[in-house]
Asks: 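Attaching a single structure in structure tokens format; questions to follow.
As the structure is a prediction and not an experimental result, all values here were calculated from the model. Every number for a ligand or one of its atoms is a count from 1 in the order of the listing. Counting from 1, the numbers follow the sequence of the chain as shown.
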Amino acid sequence: MSCPFPTTEVKAYNKDECKALQFPVGKIEGPMQLRSKRPKMELTLTQPDDWHLHLRDGDLLDAVVSHSASHFRRAIVMPNLKPPIITTTAAAVAYRESILKALPANSNFTPLMTLYLTDMTSPIEIKLARRSGAVFAVKLYPAGATTNSQDGVTDIFGKCLPVLEEMAEENMPLLVHGEVTNPDVDVFDREKVFIETVLQPLVQRLPQLKVVMEHITTIDAVRFVESCKEGFVAATVTPQHLLLNRNALFQGGLQPHSYCLPVLKREIHRQAIVSAVTSGSKRFFLGTDSAPHERRKKECPCGCAGIYNALVALSLYAKVFEEVDALNKLEAFTSFNGSDFYGLPRNTSKIKLIRTPWTVPESFSFSFGDIIPMFAGETLEWQPSFI
Ligand code: NCD
Ligand code: ZN
């Protein structure tokens, strides 16, 4: 299958047809168009995994899951649902079932579940999680840091040390939203201050705990991850933090669809992250942080943080690596470093990236509203396709 979208007409498919064909559910506005101006080139990659993904639940889950499943073999699924959040193994197992039910019939996509760490999480829950075979990590949201994080951790050293010790024992990675929430700290400095006040002391105290610093945004995070012991501390990197700097938030007016957390930073930070991921280091791997919100929740007086990039992510990562002449390092970043860090087998399936221009749909329309993808309406160069 080369392109899962109509190229010459806009056709409305019903939900079952969409699932069977692996189309996104709903009408596509602004169909992907194929044009050719540069010589065609193909890359064959081991099928990638997405090590940081928001799939939501209910209608939103039904709407978005096929986008991730059409490119990625596995994904670490974040537990920050609108309450109830996923704080127990039983809830994670039930959530996994609802994701599997929402998948297209022929999909082999595997959701890897996570638990939401709270002040109340017990070490026993970690044992249960490990034994379930369904839960692969625990997510730390500092309380109030981002979407649905109000039940997150208020004092990691005061409340969570026994759980973290159990996680180190069980080889269960801690995934970290790395920002302090103190309103006195400038929003652009929150990652740096988190590293200094929480992460650095944490890895010193528990050197055996595996930690993934999620969606890194600064040169400080790059330096921190590179300074730690390889195999114990790593980072996921999103397409938006590789391609955009904070100017994108104000380009010709306020741009809610470029707003995510941690917020985009200065150009020097973007460049440091690009250098890190394209260096070939095993410490960095693909995590889209694809975070869909219905359009009216983004375009309003107090818009939600989150960029919806599931369908464009692979094209964008390829663009980043191509721009610095490092396409030979792309596969390790997309398909090896993450599974190696988690101690999971690498995928055996393959995917092709074909250098052929295509236009990102302006929006995806569903019964409950629209979702606007990253780079809506823009032309991208690399198009993923199954072999
Ligand atoms: C995420 C969401 O909407 O769930 N938003 C975001 O801006 N990245 C939460 C998160 O990962 O911080
Ligand atoms: Zn996220």
Side-chain angles (χ1 to χ4, degrees), residues 49-58 60-61 63-65 67-68 72 75-86 95 99 111-117 136-153 173-181 187-188 190-191 194 212-218 221 234-244 246 248-249 254-265 273 285-300 302-310 312-313 316 338 369 371-374:
D49 302 306
D50 184 348
W51 299 99
H52 185 131
L53 175 64
H54 299 270
L55 282 177
R56 314 302 194 202
D57 56 4
L60 205 42
L61 167 64
V64 300
V65 70
H67 287 181
S68 293
F72 298 99
I76 283 279
V77 180
M78 290 295 153
N80 64 329
L81 298 185
K82 56 181 178 307
I85 48 175
I86 306 297
Y95 182 29
I99 295 167
L112 310 175
M113 308 312 292
T114 58
L115 292 189
Y116 185 123
L117 185 67
F136 290 82
V138 175
K139 180 71 188 279
L140 162 63
Y141 291 104
T146 189
T147 310
N148 298 334
S149 64
Q150 55 282 1
D151 297 309
V153 170
L174 178 73
L175 315 184
V176 177
H177 183 110
E179 289 189 291
V180 292
T181 55
V187 72
F188 293 99
R190 287 181 186 181
E191 186 171 278
F194 186 88
V212 183
M213 195 175 175
E214 298 292 334
H215 40 49
I216 57 166
T217 65
T218 57
T236 54
V237 186
T238 75
Q240 51 269 26
H241 295 108
L242 287 169
L243 277 165
L244 304 176
R246 63 191 194 177
L249 287 163
L254 199 56
Q255 297 289 341
H257 299 289
S258 294
Y259 173 53
C260 63
L261 285 171
V263 71
L264 297 171
K265 302 293 193 303
I273 300 167
F285 41 86
L286 184 161
T288 63
D289 195 19
S290 185
H293 293 275
E294 199 278 319
R295 177 186 205 136
R296 285 162 295 187
K297 294 200 169 140
K298 298 280 298 170
E299 300 174 9
C300 62
C302 188
C304 292
I307 294 180
Y308 185 57
N309 64 23
V312 295
L316 297 180
I371 302 172
I372 310 298
M374 184 180 175

Asks: Parallel, tilted or perpendicular for His177 and His215, by the 30°/60° rule?
Replies: perpendicular
Asks: Testing Arg295, Glu299, Lys298 one by one against His257 for a side chain to side chain donor-acceptor pair (under 3.5 Å), which residue passes?
Replies: Glu299
Asks: Using side chain to side chain donor-acceptor pair (under 3.5 Å) as the criterion, list what pairs up with Asp289, not counting sequence neighbours.
Replies: His52, His54
Asks: Check the side chains of Thr147 and Asn80 for a donor-acceptor pair under 3.5 angstrom, ignoring hydrogens and angles.
Replies: no
Asks: Who are the residue neighbours of ligand 1 when the rule is a heavy atom under 4.0 Å from any of its atoms?
Replies: His52, His54, Arg56, Asn80, Thr146, Thr147, His177, His215, Cys260, Leu261, Asp289, Ala291, His293, Ala305, Gly306
Asks: What are the two closest non-hydrogen atoms of Leu286 and Thr236, and how far apart are they?
Replies: O-CG2, 4.4 Å
Asks: Listing by chain and number, what protein N/O/S atoms are under 2.8 Å from the Zn ion (ligand 2)?
Replies: His52 NE2, His54 NE2, Asp289 OD1
Asks: So does Ala305 get a backbone contact from the side chain of His293, meaning a donor-acceptor N/O pair under 3.5 Å?
Replies: yes
Asks: Checking Lys265 against Thr218: is there a side-chain donor and acceptor pair closer than 3.5 Å?
Replies: no
Asks: Looking at Arg56, is its backbone amide N or carbonyl O close enough to the side chain of Tyr95 to form a donor-acceptor pair, meaning the two atoms are under 3.5 Å apart?
Replies: yes
Asks: Taking side chain to side chain donor-acceptor pair (under 3.5 Å) as the test, write out the residues that go with Gln150, two or more places apart.
Replies: none
